[in-house]
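Each remark here refers to the structure printed beneath this line.
Residue numbering restarts at 1 for every chain, and letters A, B, ... go by the order of the sequence lines.
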There are 2 protein chains.
Amino acid sequence: MKQPRVTIKQVAAEAGVSITTVSHVLNDVPGLRVNPATKQRILEVSGRLGYIPNGLAQSLRTQRSHTIGLIGDEIVTTPFASKLILGAQEVALARDTVLFVVSTGYQRHVEDREIEELLRRQVDGILYASMFHRAVTLPRQLASVPTVFLNAECATPGVPWVAPDEVAGGRDAAEVLLEAGHRRLGFINNVDDIPASSGRLAGFLQRVEEAGVDASSVRVISVESEPAGGYAAAMELLDTPERPSGVFCFNDRLALGAYRACAELGLRVPDDVSIVGFDNHEYVADGVYPGLTTIELPHYDMGVWGAEHLFSLIDGDADGTGAGEVAAAESALLRGPVIHRGSVSSPST
Amino acid sequence: MKQPRVTIKQVAAEAGVSITTVSHVLNDVPGLRVNPATKQRILEVSGRLGYIPNGLAQSLRTQRSHTIGLIGDEIVTTPFASKLILGAQEVALARDTVLFVVSTGYQRHVEDREIEELLRRQVDGILYASMFHRAVTLPRQLASVPTVFLNAECATPGVPWVAPDEVAGGRDAAEVLLEAGHRRLGFINNVDDIPASSGRLAGFLQRVEEAGVDASSVRVISVESEPAGGYAAAMELLDTPERPSGVFCFNDRLALGAYRACAELGLRVPDDVSIVGFDNHEYVADGVYPGLTTIELPHYDMGVWGAEHLFSLIDGDADGTGAGEVAAAESALLRGPVIHRGSVSSPST
DNA sequence: TTGTACGCGTTATCAG
DNA sequence: CTGATAACGCGTACAA
């Protein structure tokens with residue numbers, strides 16, 4: 001089944017030339033004119049034999065594996081991750097390189113092992129992704145390899161990172177509600193102390209104040225970001241005459257719970273209460289009725305940004321002088337779009 | 001930033017031995033006793049220098065890249081895929097090999113290019129995955145590489161494949177409903193003519209008949225498998241006095257639409273109508289209220305099965321005689337578990 | 001027990 | 001315009 005693959009040597013023999021010449025025409029070596037006739041012959045033979053160069057040998061020789069590693073915690077398991085991977089993969093593909101995707105499952109020893117595995121395979125660079133926006137530090141083994149952090153803020157200086165602009169996201173959510181005319185607001189936040197929860201809250205309140213609404217009037221409840229938590233929080237928030245007319249949920253799953261609470265309380269979305277989510281979780285935000293208006297996380301864009309910067313790091317490092325680092329070492333906060341669906345309308349009261 | 005990596009030569013020099021000896025101790029060559037003292041020294045030096053063997057060179061030499069490719073259509077983008085990848089990845093990891101994951105986006109030229117890219121990188125084998133259960137044929141370039149199909153039935157003889165047992169799934173769904181005491185049944189199916197839709201229907205009706213219920217009494221409606229389709233179908237199915245008390249939906253998204261229809265018709269799940277989904281779509285099936293009882297697709301298991309069989313193919317081919325093919329060439333239909341949540345109860349009428 | 005030397009498939013340098 | 005030949009880093013017969 002596995003017949004030995006055809007090598008450049010065979011092509012050379014079959015075409016009656018040296019391997020050097022074959023290599024030359026196949027790689028279009030610049031400034032080197034080859035007799036059109038032999039060139040044609042080589043191309044023909046190569047095609048006929050189905051010759052595919054051995055990338056391992058090429059990489060060994062050129063010191064470029066055209067391979068980058070994407071390492072994440074449980075990144076591979078989550079639906080968000082796919083967008084991130086997709087973004088990185090598309091820019092990688094455009095540069096003829098492929099991705100090794102590995103995930104650690106949050107276990108340190110697995111991470112160590114996988115990083116080593118990546119290095120052993122001579123990846124040109126590494127994309128280190130976190131499933132949720134958080135702060136991390138550079139694993140020591142990565143010190144000698146171009147690395148970019150995705151969906152995480154890296155404390156180690158000189159290492160580029162990209163993460164969602166949570167504050168802007170919070171502001172956007174407030175904007176949607178304020179624009180629709182809501183003034184009595186609620187926010188069901190996540191309890192975890194991570195950039196996402198503090199940032200979205202800060203942005204939300206910020207924007208609310210700018211609109212002339214007293215920030216202390218918005219009721220904030222923090223719960224575990226599961227449907228059950230959203231349900232409980234919404235019950236508490238909405239089961240009162242002074243209930244807010246607009247509620248911002250830390251994420252779409254929380255919003256799911258809020259939907260249920262509304263249904264049980266006999267409140268209609270969006271007529272009685274408007275809801276804004278966060279994540280644009282596919283199959284959740286658009287599967288629910290009415291469709292959930294939500295803020296999308298820029299996963300795809302982070303993947304693209306990260307890969308592009310990784311390449312500039314790799315290329316800049318090509319000479320070993322570290323040039324290019326300065327320009328590439330900047331990090332970024334990316335913003336996702338607001339996805340308008342049916343869960344927000346003007347307040348009835 | 002990218003300092004030249006340490007090679008085996010440096011380790012040898014530093015330890016005052018030849019590279020042969022270093023190679024021997026690092027690879028634990030069997031039947032070769034090395035002086036414990038030098039062995040210790042080599043290990044120490046190797047560790048101190050942070051030596052990591054160059055996998056490219058190793059592979060070039062040993063003709064084994066310890067790499068397998070996972071190629072799929074839009075597999076990387078979908079939540080199901082991650083389970084599949086995870087399964088494959090875990091068995092791969094256990095055998096010290098990593099996965100190249102690439103996706104074609106259903107474009108033939110992308111697929112050709114990516115397969116070539118995989119071959120160029122000397123993958124030891126290929127896992128060819130489909131996002132939805134369907135029949136496919138072996139791309140010609142893969143003829144010379146060990147290949148296993150995932151979530152697809154391969155028409156080409158000699159190529160192992162693994163797919164979900166749709167008929168069993170349909171039977172399981174019927175079982176759940178029948179067990180709860182339902183006799184008036186409905187089935188909201190997918191319109192597409194794929195193994196999943198025909199198989200689940202067949203299994204469902206089969207099991208229903210076995211229970212002594214006239215199969216022709218179950219109302220079957222085929223729609224596009226989106227929430228909107230499920231909603232429309234459920235409205236048609238349920239807005240009548242003789243409505244079924246138990247409904248099986250082709251997938252969870254369809255079930256989502258059915259939930260909404262129930263809500264609008266004032267029917268309660270599961271008190272007035274029991275619903276069974278399919279897929280166990282994370283964040284949908286358990287995010288909805290009441291939780292959706294559903295049949296899980298064996299994605300993880302397919303990944304494991306596929307990778308294991310791929311390895312047996314690879315190892316069996318090691319001698320080039322093709323031995324082992326016979327044993328490994330069998331294919332399989334895998335069955336997923338029933339996930340009981342709250343959407344099924346005994347019929348009230 | 002340890003070292004020398006060759007080959008894996010390429011690319012790149014330098015002659016011819 | 002074309003062809004030897006030396007790396008790339010490692011594994012491994014074979015020799016010492």
Using a 4.0 Å heavy-atom cut-off, write out nucleotides 8-16 of chain C from 5' to 3' as B (base contacted by protein), S (sugar-phosphate only) or - (no contact).
BBBBB----
Write out all pairs satisfying salt bridge (charged side-chain N to carboxylate O under 4.0 Å, His left out) with one or both partners inside residues 300-310 of chain B, taking only residues at least two apart or from two chains.
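Listed once each, the pairs would be none.
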With no hydrogens and no angle check, is any side-chain donor or acceptor of B:Asn54 less than 3.5 Å from a backbone partner on B:Leu56?
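At least one qualifying donor-acceptor pair exists.
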When you measure from the side chain of A:Asp124 to the backbone of A:His66, do you find a donor-acceptor pair of N or O atoms at a distance under 3.5 Å?
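Side chain of A:Asp124 to backbone of A:His66, a donor-acceptor pair under 3.5 Å: yes, one is there.
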What nucleic acid atoms does A:Thr38 come within less than 4.0 Å of, heavy atoms only: base, sugar-phosphate, or nothing?
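A:Thr38: backbone/sugar contact only, no base atoms under 4.0 Å.
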Distance, rounded to the nearest Å, where B:Ile42 contributes CD1 and C:dT1 contributes P:
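These atoms are roughly 13 Å apart.
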Find the distance A:Arg64:CZ to D:dG9:C1' and express it as a whole number of Å.
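In whole Å, D:dG9 C1' lies 19 Å from A:Arg64 CZ.
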Can you tell me if A:Tyr300 and A:Glu90 form a side-chain donor-acceptor pair at under 3.5 Å?
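There is such a pair (donor and acceptor under 3.5 Å, judged by atom type) between the side chains of A:Tyr300 and A:Glu90.
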Can you see which heavy atom on B:Arg120 is nearest to which on A:Gln58, and at what distance?
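Nearest pair, atom of B:Arg120 first, then A:Gln58: NH1-OE1, 3.5 Å.
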